[in-house]
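One structure below.
Here the structure is a predicted model, which is why all the values come from computation and not from measurement. These numbers come from the heavy atoms of this one structure, side chains and all, not from hydrogens, waters or symmetry mates.
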Amino acid sequence: MGCFFSKRRKADKESRPENEEERPKQYSWDQREKVDPKDYMFSGLKDETVGRLPGTVAGQQFLIQDCENCNIYIFDHSATITIDDCTNCIIFLGPVKGSVFFRNCRDCKCTLACQQFRVRDCRKLEVFLCCATQPIIESSSNIKFGCFQWYYPELAFQFKDAGLSIFNNTWSNIHDFTPVSGELNWSLLPEDAVVQDYVPIPTTEELKAVRVSTEANRSIVPISRGQRQKSSDESCLVVLFAGDYTIANARKLIDEMVGKGFFLVQTKEASMKAEDAQRVFREKAPDFFPLLNKGPVIALEFNGDGAVEGCQLIVNEIFNGTKMFVSESKETASGDVDSFYNFADIQIGI
């Protein structure tokens, strides 16, 4: 007793002309657009300005290697980027979903955003960085860091496509795998460093089409002081809860506070559980429990004499009716800074 379908396949085969070959099966992966690795690579260049426009990398991996005296601009998001054996280059990298890895590079100036940042066997790099995790250097020296400062219209959407938050930036929290006793292999760039003096806006006709700005007040990533020494013993923690205008409200609050002379120290976006809220908000935690299920919260730390009172005034005047947590303690040893460090221990979950 045979199977009906097996008989049908046999009949179809017998009815096919002898000179007609059987067509191979088509699978979904066979129909994908073929990727040429050469389209996602700059290799062996010297004294050139090159780049990729928004939409031309679209989340692929990218490789930069053996380049000298080059200006390189990747105005798109990517999966990972490796930079090998480059000397005296200027490099801009749009948001990278995974890692950026510099190996055996010398005298390079860079602006970039990524999930992970690692440097190995490098000398004299100056990096304006946005990194979601702790940046790592290894067997390297004279590596200097500043906060990412860059804008073009497509950049905010590229951060989303790469799965990065503009508020998760640990640019100054460096880990050195190979410290040298009595020496420091890394340092922070001067606070008044002008990013365009390091990574200038491109001037070629093709790349000029990207409307770039390096002005601090237009930067997609909020410019924070990171681990620089605080100017005051008074700090203020603000937590904004998820809603339709959370990001816009956070940026507005930063602009207002900085405009009044306070400093933005650090920022974070993360999902919170009830136990997290208990640690951060303490006795006020029950007031905020219902808001935690709406989505990730954004935390901001400001520093400066009068920061707490100044922040409360701004929140009451501009954000009346918007639920926010503003710390009231002025004690940095065990007050709001401690609360922020408790917050910083919360796993990112966006």
Side-chain angles (χ1 to χ4, degrees), residues 95 113 129-132 147-151 153 155-173 213 215-226 235-272 276-277 280-281 284 287-288 290-304 307-328 336-337 339-350:
L129 179 65
C130 176
C131 187
C147 183
F148 183 100
Q149 183 176 320
W150 205 267
Y151 167 85
L155 187 54
F157 295 103
Q158 293 172 4
F159 264 86
K160 291 182 180 179
D161 289 338
L164 300 179
S165 168
I166 61 174
F167 297 103
N168 289 330
N169 186 9
T170 62
W171 67 270
S172 64
N173 185 25
S213 172
E215 295 177 11
N217 61 352
R218 298 194 69 189
S219 177
I220 288 293
V221 175
I223 300 172
S224 59
R225 301 192 75 222
S235 288
C236 176
L237 170 67
V238 184
V239 178
L240 296 88
F241 297 90
D244 294 336
Y245 306 104
T246 308
I247 293 177
N249 286 341
R251 299 196 70 101
K252 177 66 174 175
L253 180 57
I254 292 170
D255 290 343
E256 291 290 331
M257 287 292 285
V258 172
K260 293 186 181 301
F262 301 109
F263 296 97
L264 178 66
V265 178
Q266 55 182 330
T267 64
K268 186 163 186 176
E269 182 175 7
S271 295
M272 296 185 73
D276 299 324
V280 176
F281 306 136
K284 294 185 178 181
D287 296 340
F288 300 109
L291 303 174
L292 301 183
N293 293 329
K294 293 185 177 182
V297 302
I298 295 173
L300 313 172
E301 182 192 351
F302 297 101
N303 180 259
V308 175
E309 182 180 359
C311 187
Q312 288 174 332
L313 287 173
I314 291 172
V315 169
N316 292 336
E317 290 175 3
I318 299 179
F319 303 100
N320 188 26
T322 301
K323 194 74 170 179
M324 294 186 190
F325 169 80
V326 180
S327 66
E328 298 178 359
D336 31 304
V337 172
S339 294
F340 197 98
Y341 288 160
N342 286 340
F343 191 92
D345 291 335
I346 299 170
Q347 295 294 317
I348 296 172
I350 300 171

Between [X] and [Y], is any pair of side-chain heavy atoms under 4.5 Å apart?
| X | Y | result |
| --- | --- | --- |
| D276 | L292 | no |
| I166 | L164 | no |
| F167 | P222 | yes |
| F148 | L129 | no |
| L155 | P95 | yes |

Distance (rounded to the nearest 0.5 Å) between [X] [atom1] and [Y] [atom2]:
| X | Y | atom1 | atom2 | answer |
| --- | --- | --- | --- | --- |
| N293 | L291 | CG | CG | 9.0 Å |
| D287 | K323 | CG | NZ | 5.5 Å |
| I223 | C130 | CD1 | SG | 11.5 Å |
| F319 | M324 | CZ | CE | 4.5 Å |
| K268 | L237 | NZ | CG | 12.0 Å |

N/O donor-acceptor pair under 3.5 Å between S219 side chain and A216 backbone: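 No; judged by distance alone, with no hydrogens or angles, the pair does not exist.
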Donor-acceptor pair, side chain of R251 and main chain of I220, under 3.5 angstrom: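 Yes; at least one donor-acceptor contact below 3.5 Å.
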In residues 252-265, what donor-acceptor pairs under 3.5 Å come from side-chain atoms, sequence neighbours left out?
unit_1, atom_1, unit_2, atom_2, d
K252, NZ, E256, OE2, 3.1

Which pair of non-hydrogen atoms, one from [X] and one from [Y], has the smallest distance, and what is that distance?
| X | Y | answer |
| --- | --- | --- |
| L240 | A250 | CD2-N, 3.6 Å |
| E269 | N168 | N-OD1, 2.8 Å |
| R218 | Y151 | NH2-CE2, 3.0 Å |
| C147 | S224 | SG-N, 3.6 Å |
| Q149 | E215 | NE2-C, 3.9 Å |
| C236 | C311 | SG-CB, 3.8 Å |

Donor on one side chain, acceptor on other, S213 and W150, under 3.5 Å: no
Partner set under ring-ring contact (aromatic ring centres under 6.0 Å, His included) for F288, not counting sequence neighbours: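 For F288 the ring-ring contact (aromatic ring centres under 6.0 Å, His included) partners, ignoring immediate neighbours, are F241, F281, F325.
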From CA spacing to verdict: side-chain contact (heavy atoms from CB on, under 4.5 Å), V239, I298: CA-CA 6 Å; V239 178; I298 295 173; over 6 Å; no
